[in-house]
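I have placed the structure first, in the form of structure tokens, so that the comments after it can refer back to it.
Everything quoted here is computed from the prediction, not taken from an experiment. Both counts, for ligands and for their atoms, begin at 1 and track the order of listing.
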Amino acid sequence: MKFEKLLSPIEINGLELKNRMSMAPMVTNFATREGVVTQQLKDYYEERAKGGVGIIVVEACCVSYPIGLSTAQQIGVYDDRQIPGLKELVDVIHRHDCKICFQLHHAGHRATRSLVGYQPVSASEIADKGRWNQWIGGESPRALTTGEVEEMVKAFAAGAERAKAAGADAVEIHGAHGYLVLNFLSPLYNRRTDKYGGDVEGRTTFAREITQLIRKSLGNEFPILFRISGEESVEGGLELEEAQTICSILEKAGVDAFDVVSGSHDAYQEVIPPADFAPGWRVYMAEAIKKTVSVPVMTTGRIQDPRLAEKILREGRADLIGLGRALVCDPEFPSKIAQGRVDEIRRCIACNRGCIDRLRTIDLEGNSLMTCLQNPMVGREKEFALQPAEVKKRVVVIGGGAAGMEAAVVAASRGHEVILLEKKNVLGGQVTLAAIPPYKDEVSNVVRYLESQLSKFGVRTELGKEATPESVELLKPDVVILATGGLPYIPTIPGIDRENVITAWDVLGGKETGNTVVVAGGGMVGCETAEFLAEKGKKVTLVEQLPVIAQDMDFVRKGMLLERFDEYPVVIKRNVKIREITGDGVITGDGEKIAADTIVLALGVVANRDLEMSLRNNRWELYCVGDCDKPGNLMTGIHRAFHVARRV
Ligand SMILES: Cc1cc2nc3c(=O)[nH]c(=O)nc-3n(C[C@H](O)[C@H](O)[C@H](O)COP(=O)(O)OP(=O)(O)OC[C@H]3O[C@@H](n4cnc5c(N)ncnc54)[C@H](O)[C@@H]3O)c2cc1C
């Protein structure tokens, strides 16, 4: 496929972009606590600019401190002292023929008292429900007075002025995702009776005044973008028809392009849609808005395949494509398209592990920084940049799962001679099973990408070759990387060796079960296997000894899965331990009998380190990576493999 549309230039109010790919704003938390741009931020964005994207919309920049903050290390445009840092960022991005736009943001009712020190503010005193209750915020806000709203309009305009003073090419008003501007647009959250409330026209007053004041301050030539939730996706919230009206009003007020997304913190699954959503599922919203405005319209969300992006543009459903996680995962996404290397794109699998879930995890230094499951270099672009090996070594990698493949690719890309041994006839290890449950097929892209890199860097890949101490010895390695993965954990429960007991790995590998099934273990693998079986019409009971299930899943995908369990339905038994397995079911610690034809074990993984002791000697360096080092997940496995291989 040729990517003529995607690679063609486009103008936004006189600003020419070299292609139709725009980096979507995504909070990284890489700024200082004073909201100042850091070297880490510059390196992160420079890598994406270098990768060929037409414009970068720099993540939510706070316009009003502290009340508008949503994360501790957010970029600020609320203080002139932030301008020099912003300018450095602009310069870095401009070096690569890439345009830069700062997104103007106020958290509104999504702020938290613990972070900002005050009661959050909003259009009215209505707290959002923060569905699944696992994200920050959700506190009852205070309604801004009319005078305060007018001051807030000025704060947005002042932020835009600072962005322009720093040399930005454009600004974007964040009017989506449950933050202050959407709080005003929303019929659910705006119950005001002053000029900022009422009908759709009244609710748009705040956004319109912000647009008009920015236009007045920055002149007619300065591009203003507006990000809108085409649907707020909560009962009583903003719907597409009203969003169309809002966009018409804002176009007249001076908006030069619309970036159409959806959702709010009541529908967080839509803010950063995981793989449970079909690629391009919300393009229809941009398409509808495009019918009511004459300026360019961008569609963003779950567009990770350039072929889909090109198709959307060719069909005239949108004018620009917003790329978020796709560029976190592979900064070179645009240049690979331009160079005809589409098959080499490391495609985002929409797992939300590193980019989103990590923002909720505080590290040892008190930070919660973005990363990526497949790309360990995110936010460490300079520090972790791969260097050619000083001494060329023969590296033998044992195990062709994700961790072994990553280690092999990284070592080979640095110039080592690499031999990869895999005992099965296919690569991928557990990923071949991980991709089987519903909504999981994207995971196989991890293997597809690594496979392309193995051949690119000339790794000698030997399938159907089980490594033994003798076969490794014959290869005369300098370095051995053990990546033999894990094996299902089988505890000593009476009856565990009965014929009616199989593992989740067996089921996902194609083994049949009876019609009624007990899945033992409510972690991610147990839950996903339960869904896989329920979808086939099996009657499933999921038994977990802890009070919670799916603890090891990211919170968005977990929330969606639990809702689907209600639909099937899957019976979930928490705080229940299996005491014994019989020929027709299980007996719990309380003596309850749960009837089942088949018992499926999903009780975790143990490291497969059988070879380790026999391979430990002083003739070669030995490292363990992936589940064989410590049972974990794809992110822990890939990251550890990357770090071992970048140093050997
Ligand atoms: C059903 C399921 C769903 C999952 N879903 C997710 C998910 O959504 N997200 C996530 O992050 N993680 C998920 N995981 C976990 C993740 O897949 C694993 O943590 C990861 O794949 C482990 O990779 P690995 O390379 O360390 O090991 P493995 O994938 O186990 O690979 C080890 C490889 O070594 C080979 N091998 C073993 N011994 C030898 C030998 N002697 N010689 C040669 N080859 C040998 C094996 O055949 C295998 O191919 C899931 C796991 C399962 C089972």
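By the 3.5 Å distance cut-off applied to N or O atoms, Val525 is not counted among the residues near ligand 1. Between Gly626 and ligand 1, not a single N/O pair is under 3.5 Å apart. For ligand 1, the polar-atom distance check finds an N/O of Lys440 within less than 3.5 Å of one of the ligand's N/O atoms. In terms of polar-atom proximity, defined here as any N/O pair under 3.5 Å, Ala402 does make such a contact with ligand 1. In terms of N/O distances under 3.5 Å, ligand 1 is not approached by Met524.
Ring pair Tyr268/His265: centre-to-centre distance below 6.0 Å.
In terms of protein heavy atoms, atom 53 (C) of ligand 1 is closest to Trp505 NE1, 3.4 Å. Counting only heavy atoms of the protein, atom 33 (C) of ligand 1 lies nearest to Glu422 OE1, 3.6 Å. Here the protein heavy atom with the shortest distance to atom 10 (C) of ligand 1 is Leu634 N, 3.5 Å. Scanning the protein for heavy atoms near atom 1 (C) of ligand 1, the closest one is Leu508 CD1, 3.3 Å. Protein heavy atom nearest atom 44 (N) of ligand 1, with residue, atom name and distance: Lys423 N, 3.1 Å. Protein heavy atom closest to atom 30 (O) of ligand 1, with residue, atom name and distance, is Gln430 NE2, 2.9 Å. For atom 34 (O) of ligand 1, the nearest non-hydrogen atom of the protein is Gly399 CA, 3.2 Å. Nearest non-hydrogen protein atom to atom 31 (O) of ligand 1 is Gly401 CA, 3.4 Å.
Remark: the Thr71 side chain and the Asn29 side chain contain an N/O donor-acceptor pair separated by less than 3.5 Å. Counted by atom type alone, Ser444 and Asp441 present zero donor-acceptor pairs between their side chains at under 3.5 Å. Under 3.5 Å, the side chains of His643 and Arg646 contain a donor-acceptor pair of N or O atoms. Of the N and O atoms on the side chains of Gln453 and Ser413, not one donor lies less than 3.5 Å from an acceptor on the other residue.
Neither the backbone nor the side chain of Asp610 has any atom closer than 4.0 Å to an atom of ligand 1 (non-hydrogen atoms only). Contacts between Pro437 and ligand 1 below 4.0 angstrom, taking non-hydrogen atoms only, are absent altogether.
Per-residue contacts place Gly429 under 4.0 angstrom from the following atoms of ligand 1 (heavy atoms of the residue considered): 29 (O), 31 (O), 48 (C), 49 (O). Within the listing of ligand 1, atoms 40 (C), 41 (N), 42 (N), 43 (C) sit less than 4.0 angstrom from a heavy atom of Ala467. Atom numbering of ligand 1 starts at 1 in the shown order; those under 4.0 Å from a heavy atom of Thr484 are 32 (C), 34 (O), 37 (C), 38 (N), 39 (C). Near Ala483, meaning under 4.0 Å from any of its heavy atoms, are these atoms of ligand 1: 32 (C), 33 (C), 34 (O). Counting atoms of ligand 1 from 1 in the listed order, those under 4.0 Å from a heavy atom of Ile398 are 40 (C), 42 (N), 43 (C). Less than 4.0 angstrom separates some heavy atom of Lys424 from each of these atoms of ligand 1: 47 (O). If you number the atoms of ligand 1 from 1 as listed, the ones under 4.0 Å from a heavy atom of Gly486 come out as 30 (O). Ligand 1 places these atoms under 4.0 Å from at least one heavy atom of Asp627: 18 (C), 19 (O), 22 (C), 26 (O).
Val459 places none of its side-chain heavy atoms less than 4.5 Å from the side chain of Ile419. Here the side chains of Glu383 and Gln40 are not in contact, with every heavy-atom distance at 4.5 Å or above. Put simply, the side chain of Glu531 does not reach to within 4.5 Å of the side chain of Pro437, judged on heavy atoms.
Of the inter-residue distances, the one linking Thr598 atom OG1 with Lys511 atom NZ reads 10.0 Å to the nearest 0.5 angstrom.
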Practice problem: Decide yes or no on side chain to side chain contact (heavy atoms under 4.5 Å, CB included) for Ile398 and Leu611, but give the supporting numbers first. | Solution: CA-CA 10 Å; Ile398 306 175; Leu611 284 173; 4.2 Å; yes
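Salt bridge absent: Lys382 and Glu47 never bring a charged side-chain N and a carboxylate O closer than 4.0 Å. A salt bridge links Glu381 and Arg48; the closest N-O separation between the charged side-chain nitrogens and carboxylate oxygens is under 4.0 Å.
For the salt bridge (Lys or Arg N to Asp or Glu O under 4.0 Å) test with Asp276, the passing option among Lys558, Lys440, Arg564 is Arg564; the others fail. Of the residues listed (Arg616, Lys393, Arg394), the one engaging Glu621 in a salt bridge (Lys or Arg N to Asp or Glu O under 4.0 Å) is Lys393, and it is the only one.
Residue Lys465 places a heavy atom under 4.0 Å from ligand 1.
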